[in-house]
Every structure is written in structure tokens, then in C-alpha cells.
Engineer: 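Mind looking over this structure? Questions follow.
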Amino acid sequence: EAQVTQNPRYLITVTGKKLTVTCSQNMNHEYMSWYRQDPGLGLRQIYYSMNVEVTDKGDVPEGYKVSRKEKRNFPLILESPSPNQTSLYFCASSANRDIQYFGAGTRLSVL
Amino acid sequence: GQQLNQSPQSMFIQEGEDVSMNCTSSSIFNTWLWYKQDPGEGPVLLIALYKAGELTSNGRLTAQFGITRKDSFLNISASIPSDVGIYFCAGPVGNQFYFGTGTSLTVIP
């Protein structure tokens with residue numbers, strides 16, 4: 001079954017404690033992306049990757065890092081999380097950037 | 001970044017009613033996409049539009065690519081309870097991807 005898998009689904013952490021949210025897709029897609037969703041703001045793109053070892057900033061990259069060492073994986077790293085990064089995060093992948101397939105989301109709370 | 005404004009922000013309708021929502025941008029888009037997000041899940045693509053003026057249907061859903069390329073519209077006919085969710089317009093600009101602010105739909109049985 002074609003899917004985008006994010007882990008964990010829920011995460012509660014404290015300010016400053018590094019964390020990684022994993023994302024994996026099995027569709028051999030080149031384009032992958034991370035979004036955060038906040039009430040009233042829709043989804044905003046954090047980082048995207050056009051292919052292996054090619055990543056670029058989206059609209060809200062501050063406080064986040066990503067890596068794309070393999071085509072299927074695109075982890076999101078928060079080196080020093082802060083409360084304003086409390087949000088719902090989505091990973092997505094696409095063959096052509098336009099039509100994106102989303103994971104089920106990771107709800108992060110930073111205390 | 002790009003701003004995609006959707007209206008209305010929320011809608012409460014009776015089952016069986018038709019629904020209209022729209023999305024406007026300050027910039028031109030060459031592709032418009034409409035996604036639906038069910039509670040607790042990620043967005044799922046409903047309709048993709050690639051040409052100005054294009055009208056595309058998917059079952060009870062019909063979307064239009066505005067002539068100015070700065071807007072798009074989504075209509076849902078004869079709403080049913082499973083239409084509940086948040087509807088987003090979206091589109092790419094260069095290699096980035098932008099989503100609208102969303103329209104939350106509640107269908108009252």
C-alpha cells in the first residue's frame with residue numbers, strides 16, 4: 001500500500017531537548033516536504049527536498065533542520081525546541097510537487 | 001511567502017444543502033489544488049486544476065480555476081455528513097507549496 005509514515009504520532013517534550021520526527025515514503029517520490037499546521041493559518045511549509053541531498057527552506061524554517069540522505073526518508077529535526085514550535089506537523093511526498101500525499105501527522109507539545 | 005485567503009472561514013449547513021467556498025491569492029497560480037482534511041488525519045487531494053477557466057468535477061464536488069489565475073472555487077452539491085472537515089486550496093509557486101487558511105465545514109444531519 002502506498003503511504004507516507006510519520007513517527008511518532010504524539011510527542012510531549014520540554015524546551016531545549018533535541019528531537020527528531022521521522023518520515024518515510026514507499027512511492028519512490030523525489031519531492032518531500034514538511035509542514036506545520038496551526039489554527040487559522042492553514043499549513044505552512046517548513047522545508048522541502050527535491051531529491052537526495054537537495055533540501056531548501058520553505059516559509060517557516062527557523063528552528064528546524066532536515067536531511068535527505070536516502071530517497072525514502074526525510075526526518076525533521078528540532079535541535080532546541082521551544083514552546084512556539086508546539087503544533088501539528090505533516091510530512092508529504094510527491095512525484096511532481098503538485099499532487100502531494102500526506103502522512104497522518106505528528107502532534108508536538110513543547111513545555 | 002504567498003498568502004492564500006479562503007472564505008468563508010467556517011460553515012454550518014444542513015444535510016442536503018449545497019456549499020460554495022473560494023480561495024484568493026495576491027499572486028498568479030498556474031496550478032490550483034483542493035484538499036480535504038478529515039479530523040485527525042492528513043489532507044487528501046480532491047481536485048487538481050491546471051488551466052485558467054477550467055471546471056473539473058469529482059462526484060458531488062466541482063472546482064473552477066479562476067480566469068484571473070488569482071482565485072479558485074469549490075462547490076459541493078447535496079452535502080452529506082461525511083463532507084465534514086477542513087477544505088484547503090493549495091498550489092505551487094516555483095518549488096515551494098502553499099496552502100490556504102482553510103474552510104471548516106460542519107454538516108448538520
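Fair warning: this is a prediction, and the values are worked out from it, not measured in the lab. Both backbone and side-chain heavy atoms feed into the values below; hydrogens, waters and symmetry mates do not. Proteins come first, then strands; the chains are lettered A, B, ... in the order of their sequence lines, and each starts at number 1.
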Engineer: Can you tell which of B/S57, B/S77, B/S20 makes a side chain to side chain donor-acceptor pair (under 3.5 Å) with B/T62?
Structural biologist: B/S57
Engineer: Tell me every residue that passes side chain to side chain donor-acceptor pair (under 3.5 Å) with A/S49, counting only those two or more places apart in sequence or in another chain.
Structural biologist: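 Expected list: A/R68.
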Engineer: Look at atom CG of A/L111 and say whether more than 12 heavy atoms of other residues, nucleotides or ligands are closer to it than 6.0 Å.
Structural biologist: yes
Engineer: Given heavy-atom pairs under 4.5 angstrom as the criterion, report whether the side chain, backbone, both or neither of B/T101 touches chain A.
Structural biologist: both
Engineer: Let's go through B/N75 and B/D18 carefully: what are the C-alpha distance in whole Å and the side-chain angles of both, what is the deciding distance for side-chain contact (heavy atoms from CB on, under 4.5 Å) to 0.1 Å, and is it a yes or a no?
Structural biologist: CA-CA 7 Å; B/N75 295 314; B/D18 296 344; over 6 Å; no
Engineer: Counting only heavy atoms closer than 4.5 Å, note whether B/Q3 contacts chain A via side chain, backbone, both or neither.
Structural biologist: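 It is neither, since no heavy atom gets under 4.5 Å.
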Engineer: Side chain, backbone, both or neither: which part of A/R9 has a non-hydrogen atom closer than 4.5 Å to chain B?
Structural biologist: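 Just its side chain gets close to chain B.
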Engineer: What part of B/F88 lies closer than 4.5 angstrom to a heavy atom of chain A: side chain, backbone, both or neither?
Structural biologist: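 The answer is the side chain of B/F88.
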Engineer: Taking A/T106 for the side chain and A/P8 for the main chain, is one N or O donor matched with an acceptor at less than 3.5 Å?
Structural biologist: yes
Engineer: May I ask you to name which of A/L41, A/V60, A/I99, A/D56 has the most heavy-atom pairs under 4.5 Å with chain B?
Structural biologist: A/I99
Engineer: For A/N26 and A/R72, test the side chains for any donor-to-acceptor distance below 3.5 angstrom and give the result as yes or no.
Structural biologist: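 On atom types as modelled, these side chains do not qualify, holding no pair under 3.5 Å.
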Engineer: Shorter than 4.5 Å, heavy atoms on both sides: which option in B/G42, B/P43, B/P92 has the most such pairs with chain A?
Structural biologist: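 Ranked by heavy-atom pairs under 4.5 Å with chain A, first place is B/P43.
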Engineer: Which atoms of B/E41 come close to chain A, meaning under 4.5 Å heavy atom to heavy atom: side chain ones, backbone ones, both, or neither?
Structural biologist: backbone
Engineer: For a quick check under 3.5 Å, do B/Y98 and B/Q96 share a side-chain donor-acceptor pair by atom type?
Structural biologist: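 The criterion, which ignores hydrogens and geometry beyond distance, is satisfied for B/Q96 and B/Y98.
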Engineer: Measure distances from A/Q100 to the heavy atoms of chain B and classify the residue's part below 4.5 Å as side chain, backbone, both or neither.
Structural biologist: both
Engineer: Tell me, for A/Y101 versus chain B, whether the close heavy atoms (under 4.5 Å) come from the side chain, the backbone, both or neither.
Structural biologist: neither
